[in-house]
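Working notes, structure below.
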Number of protein chains: 2
Amino acid sequence: MSANSSPLSRKEREKEQHRKDIMDAAMRLFAEQGFHAVSMQEIAAEAEFATGTLYKFFPGKRELFRAIMLDVIADITSELRPVWDSAEDPLEIIFKFLHARRTAFRKRYEYIRLYNMVGNGFGSSGDEIVDGLIAERRQEVEKNLKKQFTRGVEQGLFKPVNVDVLARLFEDFCQTIIRSEASRGEFDDETVSSIKDLFLNGILA
Amino acid sequence: MSANSSPLSRKEREKEQHRKDIMDAAMRLFAEQGFHAVSMQEIAAEAEFATGTLYKFFPGKRELFRAIMLDVIADITSELRPVWDSAEDPLEIIFKFLHARRTAFRKRYEYIRLYNMVGNGFGSSGDEIVDGLIAERRQEVEKNLKKQFTRGVEQGLFKPVNVDVLARLFEDFCQTIIRSEASRGEFDDETVSSIKDLFLNGILA
DNA sequence: CTAAATAATGAATCAATATTCATAGAGTGA
DNA sequence: TCACTCTATGAATATTGATTCATTATTTAG
């Protein structure tokens, strides 16, 4: 009984924790081995629960996976959002965005495989809800990028290139960088600077 | 009996064809739905053979998948190789490479998902042989890129940036473009020019 | 035309694993 | 302590789908 709504009882908090434990364990395994390679029994073992218990929390494997994905997406999104009104200079915002994105993912390299897996439709889950959410989030990002690029062009800071192309390219570029860092090691600061410089001034001497 | 070695008998040619038919059908399905979502029975149906027949050609599903991947990799690689000594100017070679790569993939959009899937370790197959081959191919590409960038820098054509970084970045850049085109539609010529210009001269006005 | 060889068939088998459910335990209030 | 509720258990079941193989069809050789 106890509280009416917000302050959860100990029992409720415990249950919540169990739910999280299961999700954490599952995520570790999914991220490492992919959706299909992991069995519910393995997840149960990793989470130190019995198989059946998982079904007390999630209707099935697919839903468990989805819940994890939604969490990851929400986390990353909320971490990225403040960037957009963090500064005046469009260029600074764009770089901040790239930086924030790299940081967000670095904290969660294990997530990346999952995220990329689903985000590119290579999903082992084939889940439209997750795909839809990711698409949505991506649109939001691109909207913001476009805004900044537009401002930059208007201010005469950037070349008058097609802003849609720019936004699309930059979004994909960020993805590629992160993917690259995830699979082949992170760029050091110096390298990052020269990448930025290339982006600003191009490759020609 | 008939021929001794190279000129295959009709029967042999037919068998070869059947093998190809199976691989084609399987590829269509794999590319569309991923490794796990496709069953051998589906592949058989799509190829208009009985389930058992597939096993006359391939020891199992995994091997069938691998055979397809090896084909794709071999095709693309051989298409790309001639580029490297097609011109003098490093810049021209690099752009030719990007162009060839786009063309190679455009002919095979269905392959891309598969290729990317495996190449990034997100593989649904977890097949080390395929992963190994792709890594190898990627190394070859990077070796060649590095060579061209080195020449460019030596000639004073490019900025004196770390060549390793440059090569990796350009490789990633190509990937970005192709991935983007594959998932969101091809760039028109004008757009491609402005992308090239960005690469050469940067974004700043 | 007949026998032998080759190729194809697809229903039956088998293994893996997602899911269920009858049972056991732990906490709570009287 | 007893009855009741909530939670966890894990062996048993059900499903899915890869693989097998005895059988049938087709081709080739004599």
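Computed from a predicted structure; not experimentally measured. Atoms considered below: every heavy atom in the structure, side chains included; atoms not considered: hydrogens, waters and symmetry mates. Chain letters run A, B, ... following the sequence lines, proteins first and then strands; every chain starts at 1.
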Give [X] one of three labels, base, sugar-phosphate or nothing, depending on what nucleic acid heavy atoms sit under 4.0 Å from its own.
X	result
B:Lys56	base
B:Ser39	sugar-phosphate
A:Phe58	nothing

* Under 6.0 Å from the NZ atom of A:Lys146, do we count more than 12 heavy atoms belonging to anything else shown? -> no
* Assign the ring pair A:Phe199 / A:Phe170 to parallel, tilted or perpendicular, where the plane angle (0 to 90°) is split at 30° and 60°. => tilted
* Determine the interplanar angle of the A:Phe158 and A:Phe149 rings, folded into 0 to 90°, and report it as parallel if under 30°, tilted if 30 to 60°, perpendicular if over 60°. => tilted
For [X] and [N], what is the distance between atoms [atom1] and [atom2] respectively, to the nearest whole Å?
X	N	atom1	atom2	value
B:Asp21	C:dA8	CG	C1'	14 Å
B:Lys15	C:dT6	NZ	P	10 Å
B:Phe49	D:dA18	CZ	C1'	19 Å
A:Phe57	D:dT7	CZ	C1'	8 Å
A:Glu12	D:dT7	CD	P	9 Å
B:Leu54	D:dG17	CG	C1'	13 Å
B:His36	C:dT17	NE2	P	10 Å
A:Glu14	C:dA26	CD	C1'	11 Å

With a cut-off of less than 4.0 Å, is there a side-chain N or O of [X] near OP1 or OP2 of [N]?
X	N	result
B:Gln41	C:dG10	no
B:His18	C:dA8	yes
A:Arg10	C:dT28	yes
A:Thr53	D:dT9	yes

* Asked: Which nucleotide in the list D:dA8, C:dT9, C:dT19 gets nearest to the side chain of B:Ala50?
  -> C:dT9
* **Selection from D:dT9, C:dA18, D:dT19 that lies nearest to any side-chain heavy atom of A:Tyr55** => C:dA18
* Without swapping roles, check the side chain of A:Lys61 against the backbone of A:Phe35 for a donor-acceptor pair under 3.5 Å. => yes
* Any chance the rings of A:Phe65 and A:Phe58 have centres within less than 6.0 Å? -> no
